[in-house]
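Proteins get letters first, then strands, A, B, ... in listed order; numbering begins at 1 in each. Heavy atoms only: backbone and side chains are in, while hydrogens, waters and symmetry mates are out.
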Amino acid sequence: MSDKTALVEEIAPSDIDSEPERIVNDLAIQVATVNGSGSQSSNLVLLRALFRMGIPVGGKNLFPSNIAGLPTWFTIRANRDGWVARKRNVDYLVALNPQTAIRDVESLSPGSAVVYEEGLRLERRRDDLVFYPAPFQELAAEVTREVRLRKLLANMIYVGLLGELLSIDVEEIFGAIESQFRSKKAAVELNRRAVEIGIRHARENLVKRDPFTLERMDKNRGKVLIDGNAAAALGAMFGGASVATWYPITPSSSVVEQLTGFLKRYRNGPDGKATYAVVQAEDELAAVGMALAAGWAGARAMTATSGPGISLMSEFVGLGYYAEIPLVIWNIQRVGPSTGLPTRTAQGDILSTYTLSHGDTKHVCLLPASTRECFEFGWKAFDLAERLQTPVFVLSDLDLGMNIWATEPFEYPDRPMDRGKVLAREDLERLGGTFQRYADVDGDAIPYRTLPGTEHPGAAYFTRGSGHDESAEYTESEEAYVRIMTRLDRKFETAREMVPPPVVDQAEPASPLGIIGFGSSDPAIEEARNRLREDAAIEMDYLRPRALPLCPSVLDFITSHQRVVVLDQNRDGQMLQLLRAEYGDRIPPGVLRSLRHYSGHPMDAQTIVDYVTEMEIGAA
Amino acid sequence: MSDKTALVEEIAPSDIDSEPERIVNDLAIQVATVNGSGSQSSNLVLLRALFRMGIPVGGKNLFPSNIAGLPTWFTIRANRDGWVARKRNVDYLVALNPQTAIRDVESLSPGSAVVYEEGLRLERRRDDLVFYPAPFQELAAEVTREVRLRKLLANMIYVGLLGELLSIDVEEIFGAIESQFRSKKAAVELNRRAVEIGIRHARENLVKRDPFTLERMDKNRGKVLIDGNAAAALGAMFGGASVATWYPITPSSSVVEQLTGFLKRYRNGPDGKATYAVVQAEDELAAVGMALAAGWAGARAMTATSGPGISLMSEFVGLGYYAEIPLVIWNIQRVGPSTGLPTRTAQGDILSTYTLSHGDTKHVCLLPASTRECFEFGWKAFDLAERLQTPVFVLSDLDLGMNIWATEPFEYPDRPMDRGKVLAREDLERLGGTFQRYADVDGDAIPYRTLPGTEHPGAAYFTRGSGHDESAEYTESEEAYVRIMTRLDRKFETAREMVPPPVVDQAEPASPLGIIGFGSSDPAIEEARNRLREDAAIEMDYLRPRALPLCPSVLDFITSHQRVVVLDQNRDGQMLQLLRAEYGDRIPPGVLRSLRHYSGHPMDAQTIVDYVTEMEIGAA
Amino acid sequence: MPAPDASSRPRKVNRLGLTPSDYKGKPSTLCKGCGHDAISSQLIRAFFESDVRPHQVAKLSGIGCSSKTPAYFLNHSHGFNAVHGRMPSVATGAVLANRRLVAVGVSGDGDTASIGIGQFVHLVRRNLPLIYIVENNGVYGLTKGQFSATADENAALRSGEVNRLPNIDLCGMAIELGATYVARSFAGDPKQLVALLRGALAHNGTAVLDILSPCVTFNNHAGSTKSYTWGKDNEEPIHILDFVPAMDQIEVEYEEGTDQEVQLHDGSWVRLRKLERGYDPTDRRAAQELVLEANEKNLFLTGLLYLDTSKRTFLDSLELCDEPLALLSEDQLRPPPEVLDEVVASYR
Amino acid sequence: MPAPDASSRPRKVNRLGLTPSDYKGKPSTLCKGCGHDAISSQLIRAFFESDVRPHQVAKLSGIGCSSKTPAYFLNHSHGFNAVHGRMPSVATGAVLANRRLVAVGVSGDGDTASIGIGQFVHLVRRNLPLIYIVENNGVYGLTKGQFSATADENAALRSGEVNRLPNIDLCGMAIELGATYVARSFAGDPKQLVALLRGALAHNGTAVLDILSPCVTFNNHAGSTKSYTWGKDNEEPIHILDFVPAMDQIEVEYEEGTDQEVQLHDGSWVRLRKLERGYDPTDRRAAQELVLEANEKNLFLTGLLYLDTSKRTFLDSLELCDEPLALLSEDQLRPPPEVLDEVVASYR
Ligand SMILES: Cc1ncc(C[n+]2csc(CCOP(=O)(O)OP(=O)(O)O)c2C)c(N)n1
Ligand SMILES: Cc1ncc(C[n+]2csc(CCOP(=O)(O)OP(=O)(O)O)c2C)c(N)n1
Ligand code: SF4
Ligand code: SF4
Ligand SMILES: [Mg+2]
Ligand SMILES: [Mg+2]
């Protein structure tokens with residue numbers, strides 16, 4: 001495509017009617033197919049090729065809650081400045097699904113490009129788009145005669161086509177294919193062929209008429225391209241996970257599935273046998289019961305689940321809180337209530353997880369915002385759980401957990417494992433029989449424990465979810481109950497000091513405007529801040545809580561701003577409610593503003609920009 | 001006891017050293033025994049005798065979480081002014097349990113009286129109490145030779161003894177015995193004998209030396225003496241309960257057990273067969289699943305449970321919310337977390353019940369404060385559930401549910417049942433096929449439903465906990481999801497208007513001081529208000545929410561006071577948190593004060609008086 | 001000599017004047033070829049042929065590909081797709097509320113044998129009138145192919161992962177628990193399946209149908225013991241089973257070659273032509289023995305494994321009134337004021 | 001002629017030098033005469049006689065009077081009184097974390113057969129090494145005497161309330177599910193019970209002991225089929241069972257009258273003297289038949305109903321390392337930085 005270089009390189013504001021400028025490394029490609037059609041490999045190849053070209057990228061899969069035959073959309077956002085949150089508008093559509101093609105095309109902004117199966121005749125639908133038709137099935141037939149394969153390979157053809165249209169480095173595509181199909185030589189060959197046919201078709205039949213193009217950069221040096229669940233699994237392995245129990249549920253399944261893969265490879269003992277146990281339990285009640293007891297008996301125990309599973313774990317989690325048992329629970333949030341939209345993302349379980357179970361309970365919750373933090377919290381959660389002797393939740397979500405993110409490489413844990421206050425036989429001998437399971441010896445409200453099997457006559461104690469005193473004896477004494485419950489409350493204050501503090505990015509002096517958001521909202525918030533700064537000269541300070549209980553600095557942040565937007569990916573403003581419940585009337589009236597996004601789609605910057613812009617107009 | 005009348009009748013302030021005055025109809029009697037020893041009948045006889053003397057009374061049983069052999073205390077409070085909340089100090093102790101006698105005696109205030117088995121020699125323990133020893137076992141031997149019976153009858157002897165010491169009308173005791181043992185003539189005879197022997201023993205051997213005495217009044221005309229769970233059951237029967245499912249758990253078991261008794265007696269159809277189904281399910285998950293589906297199919301369905309059961313019901317309750325299914329759930333709260341103290345009282349599930357289940361859920365919760373309201377909410381909850389098409393919780397507690405209260409008689413429902421928006425065949429014919437299960441036709445956000453079995457081709461719809469549109473069709477559309485969720489939010493606003501409003505008792509003009517408390521705290525609050533008014537001239541306005549979601553008037557109450565005490569029978573100030581989460585920064589700083597009582601004992605007035613007094617000193 | 005199947009005469013309309021398409025559902029969103037869709041087709045046929053009024057039917061399910069299917073048959077019946085593993089409790093509540101409902105529950109092997117086994121046990125124990133269909137593919141389809149508790153020991157996934165735990169045999173469990181109608185069948189054997197379904201419709205009590213229903217996406221590979229090929233190659237019916245409706249019986253003579261006839265609650269009959277095994281499904285010992293043998297030898301024995309028409313149902317145990325509870329009038333539900341007075345008086 | 005019981009010689013100290021009181025627990029708070037306390041006594045005796053190191057034992061339970069008992073024996077062992085019906089999962093987690101633990105789970109009939117039946121099923125299926133004791137009294141003791149799912153059909157409470165549902169037979173279920181050590185016994189038969197417990201201690205796999213344990217407060221009345229009297233009057237041992245420890249076996253000659261000896265995993269033996277029935281507990285068919293007969297005729301057949309020493313345990317299935325997971329060092333748990341580099345590289 002020789003006319004490509006003729007396009008101006010500079011990006012300048014242009015009015016709608018003028019010839020489009022060249023837009024380099026800033027676009028969102030969306031591939032619309034049906035699930036089960038095998039397009040996932042092609043999308044990953046595309047994503048990886050861009051990644052290896054050094055361009056910041058992210059990939060998001062919007063898939064249905066079924067196995068095959070329903071619409072699915074994979075979106076790749078490439079952005080030279082690193083903004084890879086969801087973008088509402090798509091620039092490049094690959095329309096392969098007849099069921100949705102018309103609607104997909106209708107939703108495009110003027111000037112977008114459409115690559116499509118020519119039989120769909122989409123060019124008739126709009127006259128303000130750039131259309132690139134191709135006979136995918138026909139082209140695939142050139143690669144192979146085998147019908148099933150042909151269908152799969154049609155997907156790889158669009159990779160070639162896009163490669164040509166967007167100037168993707170062919171060698172990176174081929175390299176990505178090799179990574180994707182690894183050992184399978186034949187597959188690599190076939191897929192390369194398909195890409196080549198795509199390229200050839202584009203060269204011979206299509207004229208580039210859109211402004212989008214890609215160029216090599218160097219923004220991914222050292223980075224990895226990974227989903228949050230893989231990062232979580234990896235973090236868990238390096239955290240020394242030894243018992244992982246689970247029950248399959250989207251979008252959390254891939255935490256333990258990928259953990260199993262890692263453990264199988266890297267965690268065999270000297271006898272060649274497993275230094276871990278992964279158990280697919282019969283349900284979530286059993287999964288959490290096993291993990292809890294494993295934590296009790298001294299394993300680094302974890303489970304992972306989503307919405308309905310969290311509800312089912314409720315009773316056991318209360319036991320964990322009251323009997324003070326370490327355990328890590330990953331909640332990869334999806335859209336509720338009930339079954340809800342199991343393949344859509346939300347931050348809808350914050351409130352119910354924080355106080356999960358009946359009675360006075362509250363739980364340490366970590367709120368990772370990136371795959372890096374998934375890795376980091378993956379191992380730190382065990383340290384916290386064992387140090388604090390309590391269930392620790394990590395609240396990720398489908399967007400973070402199942403979508404693919406480019407990230408700085410993970411850092412190997414910077415400190416040895418913290419196994420918490422465990423008394424071994426020697427300790428007991430030294431103490432000479434003064435061990436009391438639930439006594440606050442150190443003033444931090446964290447008691448000492450012993451593990452079953454400890455060879456000392458004073459080691460044993462009795463664990464129960466019913467009333468107990470410092471010696472772990474059964475009691476219905478009101479004094480003992482109040483003492484233990486008050487200590488647990490103090491222990492939560494200890495936790496407050498121990499959990500990862502919020503990340504604050506604040507102008508000097510503080511702007512009147514702030515935003516509080518957490519988890520997977522982070523990239524959209526950062527992009528929105530940048531846009532507001534650049535487009536509207538609005539400076540928005542940012543606090544991102546990384547854990548519950550909240551740190552006192554959150555209140556400081558709120559009180560030092562005039563308006564603080566609280567961004568929740570849920571209907572009920574759950575973080576807002578938590579802030580209010582926590583800080584109550586210490587929050588000056590009118591400061592907190594609630595922005596709630598609960599469509600099930602990942603957070604995008606535009607929603608924030610719009611909200612803030614309108615708010616600031618109101619405030620002005 | 002002839003010297004009785006010599007005591008002055010008037011109650012006047014007296015200093016500590018002077019001869020005690022006569023105290024009429026104001027005392028707390030505590031009977032300390034072991035459970036399984038059969039003292040419950042005696043306590044009830046005593047309670048009923050006082051009740052029939054027209055004296056305001058209440059009876060509270062403090063019992064262990066086991067079946068026999070552990071300490072148990074039954075406390076009867078009689079108070080001429082109607083203050084029958086728990087009183088921290090006991091005036092009359094009946095010490096029959098050697099395990100606790102010494103501690104029980106040590107905890108008494110000077111001047112209290114102790115009736116006890118003489119073998120315990122308690123008179124040696126203190127010199128500032130009045131001691132009334134008696135050889136209970138020996139006396140019982142006079143009634144019967146049968147060993148097992150003798151043990152039981154020893155209990156009836158203290159009834160006689162107290163009767164004599166406190167001038168209880170013997171005929172009322174005998175009458176109460178007859179009510180207690182109804183048809184069993186022999187039992188009536190034996191028990192009468194035991195009472196007589198107790199009286200005789202007192203007459204012949206004891207000299208009245210304490211100031212407490214009882215006299216006939218007329219404060220119980222028309223009233224009933226009943227526990228909250230019986231009242232709830234009765235309310236449910238008159239609410240037309242047709243499917244009740246349950247799984248045994250203290251303290252909720254007696255809701256359905258007593259309901260079964262009522263239904264068996266009063267709810268047989270013309271064919272003599274049951275117009276109801278009561279099912280003891282295999283667990284709480286099944287219990288709530290059955291009830292939910294019964295509600296779906298058109299029954300008036302309910303279940304009752306406590307703490308752990310609530311946790312287990314969590315998943316199904318979210319389905320009920322999202323799929324909009326009527327169902328009534330009684331949560332008779334006990335002390336958590338986990339198994340906690342199963343035979344102690346708390347208001348510790350408010351927060352977790354209100355938002356029970358993962359995702360954005362919130363539930364209508366009724367908060368009865370009296371047995372009368374247990375009855376009333378017993379039937380109204382069905383109307384609300386069917387009208388609103390959602391699970392409705394009634395949050396009672398052990399104190400209200402299992403203890404015995406004198407109350408105004410119950411009022412027969414003042415309106416016909418509200419079966420909500422159900423379209424029958426004729427309605428569908430009239431509508432001509434426009435039925436949409438989840439459409440907001442009337443603007444109140446409440447849709448119409450049809451029952452399975454409705455003979456019309458347009459009647460059927462599909463119920464699911466996954467994403468659905470107005471026609472109840474499956475969809476993953478973000479627009480439909482947001483529409484339905486937003487409507488559910490509006491429906492909750494409809495509920496806000498429909499639930500029982502708070503009860504407000506406010507001075508004119510408003511006092512600077514207010515209190516917000518709910519449920520079983522009510523009698524202690526009223527007593528405390530009275531004491532503060534009389535003893536310290538402190539007027540304390542009172543708002544008692546009777547439901548969640550909260551009415552706007554709650555905020556008005558808060559903002560029209562300078563200090564508002566929020567009384568929670570839980571550690572975490574759960575109602576306080578709800579108020580803050582709901583009204584946020586509209587609550588002026590410093591107004592809300594949190595009083596948290598979480599010992600597992602019922603609320604008492606003194607705790608409130610102390611707190612408020614100290615607070616007001618601070619405020620002054 | 002097999003006799004012509006009385007129940008399979010093609011009909012355009014049934015006795016209610018309805019056509020098969022009146023029994024259809026929404027288009028399926030399952031994978032093409034999924035066994036579950038085959039079962040839905042036979043459900044449509046059975047309900048049509050048995051002249052069931054669609055509005056009287058309630059379709060209940062848990063969560064899973066299988067549990068989605070109630071949306072794909074009987075559009076004119078109410079359906080309830082509940083939560084994972086809890087179809088039995090939902091079915092129980094619905095039937096209690098309205099005993100006139102013809103309740104059909106659809107579940108999967110994960111939904112029933114894993115998370116739902118507790119509710120399964122108690123449902124069977126109660127003998128609730130319900131057709132309980134397990135669409136058994138040995139895997140969790142909807143969560144992408146993990147083993148379920150009915151996967152055979154040493155079975156391998158396509159990924160090579162091996163199941164190291166023994167399978168739970170739901171028919172064996174049902175028989176042990178005293179179920180009253182227990183059948184095993186195959187999505188690839190429509191004729192047997194429809195007869196078993198019609199028998200289940202005529203039965204008053206819990207009818208458990210454990211149906212091999214291959215998952216073409218995750219468990220249909222060579223070597224799978226839950227694949228179509230395996231099913232076709234290994235199915236061994238224990239008898240040839242005909243369903244004879246009550247009204248036909250009058251006209252139809254005793255068939256040559258019929259070894260056993262058992263009358264069902266609504267007057268219809270199950271007619272069995274024995275094969276080599278000479279199996280009597282009313283003999284509980286034989287049923288247990290059969291299941292044990294099948295498991296030991298990995299045989300795929302299909303047919304009506306056990307039938308007991310004498311046991312009381314849950315509705316009998318509860319002595320429920322005939323009128324559906326859901327339809328009782330206020331008069332019947334709310335006792336008069338005098339009752340309140342009477343009760344209140346007893347609390348004085 | 002019954003031979004002297006090898007295991008019942010009174011001893012003051014065991015081979016560890018411990019006395020029976022080293023195996024005691026806290027004072028019981030159960031009702032005087034409760035069957036559960038009798039079982040606790042035999043547990044104490046069995047652990048003492050089998051020379052089990054108390055610190056190696058983990059006691060697990062659910063909720064109920066029965067589930068309280070782990071506090072009443074083996075004071076020097078860790079105990080975990082968890083939530084209702086979930087002892088199996090808790091036991092599983094504990095054993096996975098530390099495979100050297102001798103795990104004994106105590107449950108009730110409500111705890112196991114009602115709310116807990118699902119976890120029971122899956123535990124048995126996995127064959128986790130665990131002694132699973134069901135203290136079966138047919139009622140929920142702790143919640144004051146409601147029927148549980150093991151209550152016999154038509155049994156009546158003292159109040160007159162009749163149970164209209166058939167019972168669940170936990171031994172029958174266990175056998176159906178392929179359990180490897182299944183016994184029925186009686187709190188009132190200490191000799192048999194202690195032998196069965198010692199056998200269970202020697203067994204490697206799930207040992208299910210369903211023990212009639214009368215509730216003296218709520219289910220011990222005349223007419224109850226779970227009372228002491230009923231148990232005493234109806235108990236029919238299917239064999240006389242002796243436990244012969246590995247070390248004794250060398251010295252002890254084959255006993256006259258012994259019909260069958262089965263070796264257990266630790267080298268000890270169960271010696272059976274057959275009675276009328278001539279019962280072989282290694283025959284699964286016979287076991288199923290026996291349970292069926294007992295249920296049909298309401299017989300109280302006690303003894304070792306089924307034994308299978310060949311099946312792999314859950315720990316085998318998982319190919320766990322020998323070192324308890326809980327005791328692995330940081331070296332063994334956290335792979336070195338190179339592994340992180342390697343994995344990270346694969347994500348580029
Ligand atoms: C409480 C809960 N846990 C897990 C899931 C996720 N989940 C959905 S379907 C399913 C398994 C379905 O397997 P099966 O019942 O065999 O149905 P199939 O898809 O194979 O037909 C699981 C685990 C869920 N929906 N709810
Ligand atoms: C989730 C839950 N539901 C109900 C209860 C109440 N509960 C405590 S013990 C028990 C039944 C115990 O019966 P069983 O297991 O037979 O023990 P037993 O007391 O007869 O020995 C019940 C229902 C509970 N603790 N937790
Ligand atoms: S995944 Fe398997 S079970 Fe699910 S629809 Fe596809 S073929 Fe059927
Ligand atoms: S109630 Fe029954 S089971 Fe519980 S301790 Fe008493 S006798 Fe034992
Ligand atoms: Mg399946
Ligand atoms: Mg029991």
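Side chain of D:Arg125 to main chain of C:Pro166: a donor-acceptor pair is present (N/O by atom type, distance under 3.5 Å, no hydrogens or angles). No donor-acceptor distance shorter than 3.5 angstrom exists from the side chain of C:Arg164 to the backbone of D:Arg312, with no hydrogens or angles considered.
Shortest non-hydrogen contact noted between C:His122 and D:Ala113 is NE2-O, 2.9 Å.
Of the two parts of C:Glu293, the backbone and the side chain both hold a non-hydrogen atom closer than 4.5 Å to a non-hydrogen atom of chain D. Within the 4.5 angstrom heavy-atom criterion, no atom of D:Phe120 approaches chain C.
Put simply, of C:Val121, C:Leu165, C:Ile115, the one with the most heavy-atom pairs under 4.5 Å next to chain D is C:Leu165. Chain C forms the most heavy-atom pairs under 4.5 Å with one residue out of D:Ala149, D:Gly118, D:Gly116, and that residue is D:Ala149. Your options are C:Lys311, C:Met173, C:Arg126, and the one with the most heavy-atom pairs under 4.5 Å with chain D is C:Met173. Per-residue heavy-atom pair counts under 4.5 Å with chain C were compared for D:Asp316, D:Ile168, D:Leu177, and the maximum is reached by D:Ile168.
Under 4.0 Å is where a charged nitrogen must lie from a carboxylate oxygen, and between C:Arg284 and D:Glu296 no such pair does.
D:Arg285 places none of its side-chain heavy atoms less than 4.5 Å from the side chain of C:Arg285. Contact annotation: the side chain of C:Glu176 approaches that of D:Asp169 to within less than 4.5 Å [non-hydrogen atoms, C-beta and beyond].
Residues of residues 151-162 of chain D lying within less than 4.5 angstrom of chain C, judged on heavy atoms, are D:Glu153, D:Asn154 in numerical order.
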